[in-house]
Amino acid sequence: MTMTETDNMRMVSWNVNGIRARWPRLMELLTCEQPDVVCLQETRCSEWHFPSERLREMGYRSRHSPGSQQGGGVAILVREDHPITERSVELDHQRDIAEGHWIELTTEGITIVSVYVPAGAGAGELSDAGKLAFLEAVARHACNEHSRPLLIAGDFNVCPTDEDLAPGALSPTDALVRPESRGRFHRLLWDGLTDAVRAVHPHGAVYTFWDYQAGAWQKNNGIRIDHLLLSPQAADRLISVEIDKAMRGRDKASDHTPIRVELAA
DNA sequence: ATGCCGGGTCCTACCCGA
């Protein structure tokens with residue numbers, strides 16, 4: 001049933017901003033590309049509303065952690081020809097697991113995480129301190145898992161450097177660019193995770209989010225806050241990375257674009 | 001310009017968000 005030409009793992013991460021609102025786009029993506037794994041963020045629905053049956057009919061098993069607040073909710077879809085090994089989640093921020101900010105599983109020997117880090121002070125339900133503590137828990141987790149093949153994909157709500165936002169897209173004091181947020185993100189890289197997008201495009205304006213408001217998309221006032229982080233064993237298998245900018249221009253688009261990564265078998 | 005769009009729900013009027 002699969003149309004893959006190689007045994008490479010093709011994965012997509014996408015903050016859909018509502019899985020029900022994005023259903024036609026998501027269905028298209030699954031049908032056309034048949035990726036091995038899809039990480040979703042901001043599903044914005046209860047377990048009851050989550051379309052697990054329809055996903056199953058399309059050949060995907062799903063694991064969903066619904067958000068207890070607006071904005072949360074993360075999921076991982078795995079094509080049915082791949083086995084899923086559930087793991088006891090060791091992130092020491094149980095609250096963030098419970099609130100649908102973190103979900104993980106293992107398939108084909110690689111541990112996959114879909115993460116949503118709330119924006120922090122100025123927006124979202126988590127205080128800035130809560131956001132920073134969550135990022136620190138992610139770093140501790142990454143250290144523990146460092147020797148395994150690991151992909152952490154999602155919306156970190158951190159613009160890592162000034163290259164990662166259009167001039168004027170955010171206020172200089174914004175929680176997405178504050179040194180405290182950036183420091184926590186850079187810690188993940190210093191600890192040995194590879195920022196897959198920057199591994200392939202080391203410099204330049206590469207964005208993953210354009211606000212719905214103020215013509216941000218038309219003016220290319222974008223920011224890069226969605227990231228794919230790879231442990232050394234996963235980074236060694238990196239074949240390609242693509243930010244699907246065209247998706248942002250489609251009808252009924254999410255304000256975030258999908259990011260694709262391909263890892264060698 | 002924190003709310004210009006868009007998603008959610010307490011269903012048509014709010015609340016919330018990157």
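Nucleotides B:dC10 and B:dG3 have their P atoms positioned 25 Å apart, rounded to a whole Å. Remark: the separation of the C1' atoms in B:dA13 and B:dA1 is 23 Å, to the nearest Å. Comparing B:dT9 with B:dC4, their C1' atoms sit 23 Å apart, to the nearest whole Å. Nucleotides B:dA18 and B:dC11 are separated by 25 Å at their P atoms, to the nearest Å. When the P atom is used for both B:dT2 and B:dG7, the distance is 23 Å, rounded to whole Å.
Rounded to whole Å, the distance from CG on A:Leu176 to C1' on B:dT2 is 14 Å. The CZ-C1' distance, from A:Arg25 to B:dG6, rounds to 15 Å in whole Å. Going from atom CG of A:Asp211 over to atom P of B:dC16 covers 18 Å, rounded to whole Å. Taking atom CG of residue A:Asn17 and atom C1' of nucleotide B:dC16, one finds them 11 Å apart after rounding to whole Å. Atom-to-atom, CH2 of A:Trp217 to P of B:dA18 comes out at 20 Å; the value is rounded to the nearest Å. Rounding to whole angstrom units, CG of residue A:Asp251 and P of B:dC5 are separated by 16 Å. Regarding A:His256, its NE2 atom lies at a distance of 10 Å from the C1' atom of B:dG17, rounded to whole Å. For the pair A:Lys219 NZ and B:dA1 C1', the interatomic distance rounds to 11 Å; values are reported in whole Å.
By the rule that a glycosidic angle within 90° of 0 means syn, B:dC11 counts as syn.
Contact check, A:Arg20 against B:dT9: a side-chain N or O comes under 4.0 Å of OP1 or OP2. A sub-4.0 Å separation between OP1 or OP2 of B:dG7 and a side-chain N or O of A:Arg22 is present. The side chain of A:Lys252 places no N or O atom within less than 4.0 Å of a non-bridging phosphate oxygen (OP1 or OP2) of B:dG6.
When the nucleotides B:dA18, B:dG6, B:dC4 are ranked by their closest atom to the side chain of A:Tyr212, B:dG6 comes out on top. In the set B:dG6, B:dA18, B:dC5, B:dA18 carries the atom at the smallest distance from any side-chain atom of A:Phe209. Distance from the side chain of A:Arg44 is smallest to B:dG8 among B:dT9, B:dG3, B:dG8.
More than 12 heavy atoms of other residues, nucleotides or ligands lie within 6.0 Å of CD in A:Gln218, so this atom counts as buried by the packing criterion.
Contact annotation for A:Asp174: base contact, defined as any heavy-atom pair under 4.0 Å involving a base atom. The residue A:Ile225 sits close only to the backbone: its heavy atoms come under 4.0 Å of sugar-phosphate atoms, none of a base. In this structure, A:Ala214 reaches the bases: a heavy-atom distance under 4.0 Å links it to at least one base atom across the strands shown.
In terms of position on DNA chain B, the residue among A:Gln213 and A:Ile19 whose nearest nucleotide sits closer to the 5' end is A:Gln213. Nucleotides of DNA chain B nearest to A:Gly18 and A:Leu170 differ in position, and the one nearer the 5' end is that of A:Gly18.
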task = Quick one: do A:His141 and A:Trp102 satisfy ring-ring contact (aromatic ring centres under 6.0 Å, His included)? Show the steps, please.
result = CA-CA 12 Å; A:His141 183 84; A:Trp102 176 280; 5.0 Å; yes
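Between A:Trp210 and A:Trp217, the ring planes lie perpendicular to each other; the angle is over 60°, past the 30° to 60° tilted range. In this structure, A:His101 and A:Phe134 have tilted ring planes: the angle between them lies in the 30° to 60° band.
Each of A:Arg182, A:Arg198, A:His227 was compared with A:Asp164 under the side-chain hydrogen bond (donor to acceptor under 3.5 Å, both in side chains) criterion, and only A:Arg198 meets it.
Side-chain atoms of A:Thr111 and A:Arg148 form a donor-acceptor pair, as typed in the model, at a separation below 3.5 Å.
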